[in-house]
Every structure is written in structure tokens, then in C-alpha cells.
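The figures here come from the full heavy-atom set of this structure, side chains too, leaving out hydrogens, waters and symmetry mates. Below, read A as the first sequence line, B as the second, and so on, with proteins coming before strands; counting in each chain starts at 1. Keep in mind that this is a model prediction, so the values were computed, not measured.
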Protein chains: 2
Amino acid sequence: MALNLEGDILRLLAPEFPEILVRRYRILRKIYYSAPVGRRTLAAYFQVGERVLRREVAVLREQGLVKVEPRGISLTALGKTAVLSITPDLKSFLGLNVLENKLLKLLKVRRVLVVPGDLEKDEIVLQEMGRAAARILRECLVADMVLAVSGGTSCAAVADMLPETPGPPGITVVPARGGLGEVVDYQANTIAARVALKLDARYRLLYLPDSLSDAALQLLLQEKKIKEVVSLINTARVLLHGIGAADDMARRRGAGPEELQRLCRRGAVGEVFGVFYNCRGEIVERIPSLGLYHEGLDQRVHNAIVVAGGRKKARAIAAVVGNHPRDLLVLDEGAAREILRLHGEGEDKDNRSQNEGIFSPEKH
Amino acid sequence: MALNLEGDILRLLAPEFPEILVRRYRILRKIYYSAPVGRRTLAAYFQVGERVLRREVAVLREQGLVKVEPRGISLTALGKTAVLSITPDLKSFLGLNVLENKLLKLLKVRRVLVVPGDLEKDEIVLQEMGRAAARILRECLVADMVLAVSGGTSCAAVADMLPETPGPPGITVVPARGGLGEVVDYQANTIAARVALKLDARYRLLYLPDSLSDAALQLLLQEKKIKEVVSLINTARVLLHGIGAADDMARRRGAGPEELQRLCRRGAVGEVFGVFYNCRGEIVERIPSLGLYHEGLDQRVHNAIVVAGGRKKARAIAAVVGNHPRDLLVLDEGAAREILRLHGEGEDKDNRSQNEGIFSPEKH
DNA sequence: GAAAAGTGGGTCAAAAAAAGACCCACGTGA
DNA sequence: TCACGTGGGTCTTTTTTTGACCCACTTTTC
């Protein structure tokens with residue numbers, strides 16, 4: 001019966017409001033990233049009727065947040081300002097700050113930042129996570145340090161959303177791992193180069209696959225150039241990485257059925273840098289990985305910015321992140337709520353369902 | 001195009017919300033002061049249909065804020081907590097803090113406190129004002145001081161809402177004026193006695209009418225007991241008073257048609273302690289008044305708690321209050337918005353009308 | 001330049017929600 | 001005990017919302 005801080009009382013009086021607010025915010029945000037966009041395109045994206053979308057857009061239009069033209073709907077200057085500055089108010093009102101505090105206590109990390117929205121419903125939440133992480137990254141930069149960045153969609157989003165403003169002088173950006181997977185844009189190399197360009201920093205690259213046999217690994221580490229880069233990688237003060245679900249990552253690393261079975265039997269749920277964790281945060285398997293040594297990471301790395309989202313990835317996040325004061329976690333609301341649910345944190349189911357409605361289709 | 005602080009962005013996304021929120025708050029507040037109360041009684045008070053009221057109460061019930069029993073509707077513990085603690089959130093969300101700051105600048109007083117709601121629509125706003133002023137009064141109390149309290153409905157509300165908790169020792173409560181008007185409960189004497197009892201303080205009374213001729217006044221001031229009390233009144237460190245509209249107060253003080261005409265001609269709009277002010281805050285007329293001397297009030301009185309509300313009283317408030325750093329003004333939203341409107345403070349008309357709806361009938 | 005596709009505004013019928021109005025049994029206070 | 005007010009139930013009417021489509025216009029692609 002105790003009233004939490006922040007928005008709880010208002011939400012008690014007007015329980016309909018969170019859903020309305022989230023709905024409108026999602027539309028605004030989608031328009032921000034897609035403008036100019038037609039009403040039918042929006043309706044399809046959100047899987048609602050044309051008429052419904054029109055009604056919502058009409059409200060936003062009356063408020064001066066959007067303009068509606070033959071080329072499509074786009075944000076006004078006020079609308080842009082609103083989208084870019086609403087997050088604190090929105091988080092406060094939706095009680096996301098409370099969520100963050102709970103996760104802080106549960107995961108024992110340095111910082112938790114929850115981005116409004118569910119990545120599985122709104123793919124642009126990834127961009128918002130990238131934006132938030134980019135801001136944190138910017139705060140962590142120190143002159144003459146090494147920044148190691150990993151691969152994957154989350155890290156790519158951070159690189160995308162990082163503004164082109166020089167960082168402190170003497171920074172070197174390196175990939176935290178070798179090549180993995182098939183998409184060029186998600187490679188640690190590509191992301192490292194992109195981040196370096198945006199920061200006006202130097203960078204070094206690693207032209208090898210991440211997954212190699214032990215023998216091949218030892219052999220390659222005799223190569224001067226390779227050894228040099230790997231050494232550099234391991235002097236990184238700041239680390240940027242995502243988190244993979246164990247089965248996905250194992251497959252991506254070429255694991256066969258037997259290996260997958262073994263991982264499953266051992267309870268592996270999350271992976272980072274070739275290290276698999278079970279749901280209690282214990283290491284259950286290692287795959288040889290080029291790049292970053294896992295041992296002594298806590299002592300070497302000051303800040304590890306971890307970016308991961310989506311409800312399905314809650315288990316993996318909770319497994320990998322924990323008891324690491326170096327970790328600065330950026331995740332979405334979907335994952336945040338699920339992590340708390342998994343840990344029986346008494347996150348009120350009603351509170352969750354209140355934020356869902358006709359604008360909550362399965363991600364398509 | 002500039003976004004103000006506080007609730008503005010949320011209100012932009014959900015312009016329907018203020019009305020919903022205010023509506024629910026008013027219902028909750030009415031139930032708080034009237035419980036147990038039937039649905040039909042509430043519907044009549046707010047001048048809405050039975051079904052409409054039922055719908056609203058159903059929402060509050062689902063939220064655990066009210067309980068609905070055969071004897072009527074009342075608040076749950078949560079509901080009481082909500083009503084008593086929501087004011088800061090509500091004010092923030094509705095932008096009332098902004099309103100307060102504007103009035104502070106405009107009126108140049110020590111403090112302005114705006115109570116949500118319009119006294120002309122909801123008579124219980126008077127109680128809320130009383131409650132707010134009582135809190136301020138409590139803060140101003142100092143051991144061994146004299147507190148002078150005036151008459152009228154506002155001051156009576158303060159006395160009513162003042163909790164029964166002893167104040168600092170040695171306090172003496174006195175009436176700031178003599179008898180005026182016909183209602184016993186609104187006399188300064190009655191209110192002084194009530195306040196004293198609640199504070200566990202001493203009190204002195206004044207058994208004479210406030211409006212006397214000069215001759216009678218001089219004569220009575222020769223009387224030792226009367227002189228004593230009047231002297232005491234003029235040592236008051238803290239003063240509590242309301243504000244009257246000039247014409248009302250003149251009539252209440254027995255002014256005839258000629259005098260009313262003269263006041264009107266001189267542009268009198270507000271009155272306090274027999275002193276009439278025009279809209280520029282200048283004194284335009286004095287009527288002999290027992291009690292408090294107006295001269296030197298600023299030097300003698302540390303805090304004057306001024307309680308007044310209602311849109312129609314905006315002019316009077318603005319006339320009487322101004323350039324007095326001793327003044328601590330408590331008023332309702334109705335008067336606050338009207339004062340700003342009168343002074344062309346660009347208070348957006350839309351912002352005002354948004355808070356009105358079917359739950360905004362004429363006061364009955 | 002022509003064709004295709006996407007755009008917004010208009011509109012009507014059907015569906016859904018809201019609201020008026022009243023009934024009835026029960027509980028409470030005088 | 002009686003009168004009045006209470007809440008829950010319910011049906012009809014009214015209002016609002018929504019689906020679905022039309023049409024003219026604009027933009028993009030070939």
C-alpha cells in the first residue's frame with residue numbers, strides 16, 4: 001500500500017494514461033526516424049487501422065507536434081524537441097526510474113539505463129538504446145585511452161547514433177573481437193572504424209575470424225602485427241559490447257548439434273566474448289576467441305558499456321551482467337521488466353499490461 | 001515554441017489528460033470531505049448524469065482508491081493517502097508551479113501558493129486553501145508571539161483545517177478586527193478562540209463591532225480593557241486575513257448608496273481592515289476600523305498570511321496584495337489564472353479551457 | 001513523359017461505447 | 001417502523017469510433 005515515488009499517484013488516478021502516452025510517443029518516435037511517412041505505412045507498422053492512426057495523428061497535429069503534407073507526415077520543430085527531451089519525463093511518469101533502481105540493486109552494476117519501449121515491438125527502440133549508450137560512451141572517454149568495441153546490432157546502433165564530434169585527443173579505437181557472422185555492418189571492425197571516424201580518433205583493425213581453434217590461435221598470435229593489435233585490445237579502458245543468447249551465438253560461432261546439446265545441458269543462456277554463462281551468472285563453457293582476454297577484465301577495464309534489449313534476451317542479460325561494478329547497462333523496458341519478473345521482484349503484472357494496447361502487436 | 005518545465009511535454013502528447021486528472025481528483029477530494037456519500041449526491045453536486053459518475057467511480061474503485069458500500073462511497077486508506085499527497089505531482093503536471101512563479105514576480109510578495117481547483121466550481125477548494133494556509137501558519141509560529149486573525153470564510157477555513165497540535169509556548173491569539181457581518185462562525189473573535197484552542201495558546205477577545213464612527217472609536221479606546229486588547233493586536237508578529245471585494249465589504253460595513261457610489265467612482269476593488277484599494281494597489285478610501293492599525297504594518301508584522309480565492313475575487317486580491325514582502329498568499333487556481341489574465345501575462349487560453357469539461361458546472 | 005505507387009482528405013455504414021433513465025432490493029438513520 | 005438514500009442491474013437511445021473505400025494530388029521510378 002506504500003506509494004512509490006514518481007508518477008504513481010497520477011497513474012492511480014488516470015490508469016488509461018500510460019497507454020495513451022506510450023502510444024503517442026511511439027508514433028512520434030517512429031515519425032522522427034522515418035519522416036516523411038504516410039499514414040498507411042504507419043498504420044501497417046503498428047498493425048492498426050487507418051482510421052485509428054488518423055485519429056492519433058490528428059491529435060498530434062492539433063498540438064503542433066507533426067505536420068501533414070502530400071509527401072507524408074513529419075515532425076515540426078516542436079515535435080523534434082519533444083521527442084528528444086521527453087525521455088526523463090516519460091520515464092518518471094511510467095516509473096522506469098524505479099525499474100532502474102531495482103535492477104541496480106539486483107544486478108549490482110554501476111549503472112542501469114532503461115529505454116522506454118520494447119525492442120520486440122518497435123525496432124526503433126534499438127536506435128534509442130544506441131543513442132542512450134552513445135551518450136554514456138561520450139561521458140566515459142578520456143584522452144589517450146583505448147576503446148574496444150564489439151560487434152552485433154546493438155553496437156552498430158551505438159555507432160550509428162554517436163554524433164560526429166571529436167572526443168578527447170589520443171584515443172584509439174579497436175575491435176574487441178574478430179569477425180563473426182555474415183553481416184559486414186555488424187562486424188567489430190566496421191563498428192570500430194565508424195566510431196573512430198565519428199570521434200576523430202585513430203583505429204586499429206583485426207582481419208581475422210573470431211572463432212579459431214586453439215592451435216590456430218596460438219600460431220597467429222606469433223604474428224607480430226596480430227599480436228600487436230591483440231595486445232592493444234587488452235589495454236582497453238572502455239569497452240562497448242552487446243550480449244548474445246547462448247544458442248544464437250553458439251550457432252553463429254559454428255557450433256554443431258553436439259556442442260549445442262552440451263551447452264543446453266550445462267544451462268548456458270548468455271554469451272559474451274566466447275564465454276557462456278548460466279542463469280546464475282556462472283561460466284559453463286568457453287570457446288576460444290580472438291580479441292579480448294576475459295581474465296582480469298575487471299581490473300583492466302574501467303567501464304564496460306553493455307547494450308542489449310528485447311524480452312527474449314532478458315535471461316542472457318541477467319546471466320552475463322552481474323556483480324561487475326564496471327558495467328554500465330543500457331537495456332529496453334521489455335528486457336528490464338522481464339528480468340525483474342524472472343527474479344520474482346514482484347513487478348506488478350497490471351503495471352505491465354497497462355502499457356500495452358492496440359499498439360502492441362508482435363514485431364513484424 | 002519554447003518548452004516550459006514541468007509537465008508541458010506530457011501534456012502536449014496527451015492533451016486530454018489534464019481534464020481527466022482534474023475530474024478524478026475533484027471526485028476523490030469531494031469524497032474525502034463528504035464520505036460516506038452516495039453516487040446520486042455526487043452526480044448532483046457535479047451536475048453530471050448518474051451513469052457518468054458511476055463510470056468515474058468505477059475507475060477509482062478498480063484502482064483501490066474508493067470503496068463502494070451500502071452506506072455510500074468512501075476513500076480507502078490508499079485513496080486518503082493519494083488525496084493528501086498528490087498535490088505536488090498534480091501541481092507540477094498542471095503547471096501550477098509555473099503559475100506560482102509568475103504571480104511571485106508580478107505581485108512581489110514573499111510566497112505564493114496556488115491550490116488546484118476553482119473555488120467557484122468546488123466549494124471544498126476553500127477547505128484545501130485553509131489546509132494549505134494552516135500549514136504555512138504553523139511554519140510561522142514563534143514562541144511568545146502574538147498572532148492576529150481576521151474574520152471571514154477564508155480564515156474560518158484555516159481555523160477548521162488547523163490540526164490540534166500545540167504550537168510554540170507563550171503564544172497569544174487575538175482578533176485582528178471587531179465584529180462584522182452576521183455569521184458567528186466567521187467572526188474574528190470566534191476564529192481567534194478556535195485557533196487558540198487548537199494551538200493550546202492563550203487568547204484575548206474584542207467584544208465590539210468593527211465599524212464605528214470616529215467619535216465612538218475614540219471614546220471606546222479610553223476604556224482600559226479595550227485599549228489593552230487593541231494594543232496587543234498591534235504587536236502581532238503574524239497576521240492571518242482574507243480579502244474582500246470592495247462593494248461586498250462596504251455593504252457589510254453598512255455603507256449606503258452614496259458611499260457605494262463614491263467607492264465605485266474612486267475605483268475601489270479590494271478591502272482589508274477597512275482600507276480600500278484600487279486596481280493599481282493605491283489606497284482610495286478608509287473606513288474607521290477597530291483593531292489593527294494599517295500604518296506601519298510592514299514594520300510590525302513579519303508574516304501576513306493572506307487567504308483568498310475565486311475568480312471573481314482576482315481583482316480584489318491583486319489590488320490589496322502587492323509589494324508587501326511580508327505577504328504569503330494562498331489562493332486558488334481560478335483566482336490565480338484570472339489575475340494573470342488581467343495583467344496580460346499571456347496565460348494561454350487553451351491551457352485554461354483544457355482543464356474544464358463536463359465536471360465544470362457553475363457553482364451551486 | 002507516362003505509369004505506378006503512395007499521399008492526404010472526405011465520407012458513409014457498421015460496430016462499439018457511452019449515457020440517460022429507471023427499477024429493485026437493501027441498509028441506515030430518525 | 002418508516003422514509004430516504006444507497007448500490008447494482010438493465011435496457012434503450014445517443015454518440016463516438018472504426019473499417020473501408022473513393023478520389024485527386026504528389027512523388028518516384030522507368
Side-chain N or O of B/R61 closer than 4.0 Å to phosphate OP1/OP2 of D/dG8: yes
Less than 4.0 angstrom between a side-chain N/O of A/T41 and OP1 or OP2 of C/dT7, yes or no? yes
Separation of [X] atom [atom1] from [N] atom [atom2], in whole Å?
X: A/E56; N: D/dT16; atom1: CD; atom2: P; value: 17 Å
X: A/R51; N: D/dG19; atom1: CZ; atom2: P; value: 10 Å
X: B/L53; N: D/dT6; atom1: CG; atom2: C1'; value: 13 Å
X: B/Y45; N: D/dG5; atom1: OH; atom2: P; value: 19 Å
X: A/I31; N: C/dT7; atom1: CD1; atom2: P; value: 12 Å
X: A/Q47; N: D/dG19; atom1: CD; atom2: P; value: 13 Å
X: B/R39; N: D/dT6; atom1: CZ; atom2: P; value: 9 Å
X: A/R40; N: D/dG19; atom1: CZ; atom2: P; value: 14 Å

Using the test side-chain hydrogen bond (donor to acceptor under 3.5 Å, both in side chains), find all partners of B/R54 that sit at least two apart in sequence or belong to another chain. none
Most 5' of A/P70 and A/G49 on DNA chain D, judged by nearest nucleotide: A/G49
State whether B/Y45 and B/K30 meet the cation-pi test: NZ (Lys) or CZ (Arg) under 6.0 Å from the six-membered ring centroid, and within 45° of the perpendicular axis. yes
Name all residues meeting the side chain to side chain contact (heavy atoms under 4.5 Å, CB included) criterion together with B/A192; count only those two or more places apart in sequence or in a different chain, and write none if there are none.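 Partners of B/A192 under the side chain to side chain contact (heavy atoms under 4.5 Å, CB included) test: B/V149, B/V173, B/P175, B/L205.
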Would you say B/Y33 and B/E128 are linked by a side-chain donor-acceptor pair, where the criterion is simply a distance under 3.5 Å? yes
Taking atom types as they are modelled, would you say the side chain of B/R54 forms a donor-acceptor pair with the base of C/dG20 within the 3.5 Å cutoff? no
Among C/dC23, C/dG9, C/dC22, the nucleotide that comes nearest once only the side chain of B/E50 is considered: C/dC22
Mind checking whether A/F93 and B/F17 have parallel, tilted or perpendicular rings, split at 30° and 60°? perpendicular
For B/V57, report the nucleic acid contact type (base, sugar-phosphate, nothing); a contact means any heavy atom under 4.0 Å. nothing
